[in-house]
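In what follows, every heavy atom counts, from backbone to side chain, and hydrogens, waters and symmetry copies are set aside. The sequence lines fix the lettering, A, B, ..., with proteins before strands; numbering per chain opens at 1.
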Number of protein chains: 2
Amino acid sequence: MRLVIAKCSVDYDGRLSAHLPLATRLLLVKADGSVLVHSDGGSYKPLNWMSPPCAMAEVEPEAHEAAAGVTAVWQVQHAKSEDRLRVLIHDVLHDSAHDLGVDPGLIKDGVEAHLQKLLAEHIHTLGDGYSLVRREYMTAIGPVDILCRDAEGASVAVEIKRRGDIDGVEQLTRYLELMNRDPHLSPVTGVFAAQEIKPQARTLATDRGIRCVTLDYDALKGIDNSEHRLF
Amino acid sequence: MRLVIAKCSVDYDGRLSAHLPLATRLLLVKADGSVLVHSDGGSYKPLNWMSPPCAMAEVEPEAHEAAAGVTAVWQVQHAKSEDRLRVLIHDVLHDSAHDLGVDPGLIKDGVEAHLQKLLAEHIHTLGDGYSLVRREYMTAIGPVDILCRDAEGASVAVEIKRRGDIDGVEQLTRYLELMNRDPHLSPVTGVFAAQEIKPQARTLATDRGIRCVTLDYDALKGIDNSEHRLF
DNA sequence: TGATCTATGTCGCGT
DNA sequence: ACGCGACGTAGATCA
């Protein structure tokens, strides 16, 4: 990994064109040749970048560029597309290289897949007598997160989101509409389950007769743990 | 901006939990207090991060952490949520600070806006006799990209996407439903125009009587250029 | 490899 | 501040 602090301007041409006027920035060159241009603010997204696979070449500035004070040009070309990044370097304030080795990678916990698994395992939290039919129940327009049956044996489609907003309600509505055309399943009711449900989503769901359930991830994990402890 | 290369482990707790095992990484602290943890590969997205507004405090490692070789702990707390990042630093291989000043920011040359403009200028590519009513036709629930009329004078609402997926079809459906309640406009048919249309989106659109049109950006540009060349 | 879906999405705009 | 749509979305999973 190479770290360069330099006064530079940057041009990107590819899916769109973008230009960064002359200013002091961090240029980060990774081991795979990818380049990130960061300012001293904003978020984790660079001002401009080139993703791997790509190749960086340091070329001579053209005459008019040299005349304008450009001392070096980094030309970064994507390997599989026409995407190109040109960094015109004026002054270099810092330049260092570091060997980092391979990263073991990120371990995540608490994403939608975990919620789905936990709720499927404890489907009775939706109500007494509920039983799981299957997770990822396939329909023509995509998989329903959970299909189960209530105490009376009626089908219930469950859509799970980490954050429940209006899109999720629309999605579940489409599934319900389709599934209710199937005489083997109909009538199918809906449950919209999320750790947090936006007021607008709750209103829309309720208006369509979809029940909203707020999921408590830690509580579900707690049930899981206490049940495991019995064995 | 502070650049630190260090052997460290990282824990994030907030919308989810995530952990990075001990390894050598770049720690980037921006002027606004935000922190990025980068490995020497992958994409422009950091392995872990904390977005502004947030505050970083360097605290003493706990006894068991110190015993495990931790020499310093960065505790980064988001200002408006419970999101927290803890960086346990073992060895520091590099540490430097740089004053970058404020960045003038990125200048973009848009794509979607350009596509809309091109299609509006060549609305006849949708069919003979089509005429433009207006771009960004305002409705109660938002602007329709293009409103035009077909050869028979019937209203046609056009939704333009770079990538046409199911959301775009839903969006256009909402517009059509609303506009068809307006006796001045009704009947309004829909055209879903995109550079690329996903099969599921095409199926849903067709099922709802919405015509799908694949846009060729270069061809539209070509028409544009050849027409310009006439003058 | 292509299609679909999630994301600690982020970003920018309009109300 | 909130909602909504675009993004050079990127990344994972599954057929």
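Contact annotation: A:K108 side-chain N/O to C:dT8 OP1/OP2 distance is under 4.0 Å. For the OP1/OP2 pair of D:dT9 and a distance below 4.0 Å, the side-chain nitrogens and oxygens of A:R15 include at least one atom meeting the criterion. Remark: B:R162 is in phosphate contact with D:dT9, judged by side-chain N or O atoms under 4.0 Å from OP1 or OP2.
Note on A:Y12: a base of the nucleic acid sits closer than 4.0 angstrom, heavy atoms only. Using a 4.0 Å heavy-atom cutoff across all strands shown, A:R163 reaches sugar-phosphate atoms only and no base atom. Base contact: A:N48 has a heavy atom under 4.0 Å from a base atom.
Stacking of B:Y44 onto the six-membered ring of D:dA10 is not present when judged by under 5.5 angstrom between centres and under 30° between planes.
Heavy-atom nearest nucleotides on DNA chain D were determined for B:G42 and for A:L47, and the one closer to the 5' end corresponds to A:L47. In terms of position along DNA chain C, the nucleotide closest to A:G142 lies nearer the 5' end than the nucleotide closest to the other residue of the pair A:G142 and B:M50.
Within the model, atoms CZ of A:R86 and CG of A:N48 stand 13.5 Å from one another, a figure rounded to the nearest 0.5 Å.
Using the six-membered ring where Trp is involved, B:Y44 and A:W49 have ring planes that are tilted, between 30° and 60° apart.
For the pair B:I197 CD1 and C:dA3 P, the interatomic distance rounds to 13 Å; values are reported in whole Å. Residue A:E170 contributes atom CD, which lies 15 Å from atom P of C:dC5 at whole-angstrom precision. Atom-to-atom, CG of B:D13 to C1' of C:dT8 comes out at 11 Å; the value is rounded to the nearest Å. When the C1' atom of D:dG8 is taken as reference, atom CG of A:D11 falls 15 Å away, rounded to whole Å. One interatomic measurement links the two molecules: CG of A:D103 to P of D:dG11, which rounds to 14 Å at whole-angstrom precision. Here the P atom of nucleotide D:dC7 and the NZ atom of B:K45 are 19 Å apart, to the nearest Å. If you take CG of A:D109 and C1' of C:dT8, they are 13 Å apart, rounded to a whole angstrom. C:dT6 atom C1' lies 12 Å from atom CG of A:L115, rounded to whole Å.
Every residue meeting the salt bridge (Lys or Arg N to Asp or Glu O under 4.0 Å) condition with B:R208, not counting sequence neighbours, appears here in chain and number order: B:E170.
In this structure, the side chains of A:E159 and A:I146 stay at 4.5 Å or more apart for every pair of heavy atoms.
C:dG14 sits 24 Å from D:dG8 when the C1' atoms are compared, rounded to a whole Å. Comparing the C1' positions of C:dT6 and C:dT10 gives a spacing of 14 Å, expressed to the nearest Å.
Pairs passing the salt bridge (charged side-chain N to carboxylate O under 4.0 Å, His left out) check and including a residue from residues 23-36 of chain A, sequence neighbours excluded, read A:R25-B:D103.
Partner of A:V169 under the side chain to side chain contact (heavy atoms under 4.5 Å, CB included) criterion, chosen from A:L172, A:D167, A:T173, A:D165: A:T173.
Sparse packing is recorded around CD of A:E82, with 12 or fewer heavy atoms of other residues, nucleotides or ligands lying under 6.0 Å away.
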List the steps, then state whether salt bridge (charged side-chain N to carboxylate O under 4.0 Å, His left out) holds for A:E121 with A:R135. CA-CA 10 Å; A:E121 287 169 1; A:R135 289 167 55 192; 5.9 Å; no
What one-letter contact string describes nucleotides 1-6 of chain D from 5' to 3', where B marks a base within less than 4.0 Å of any protein heavy atom, S marks contact via sugar-phosphate atoms alone, and - marks no contact? S-SSSS
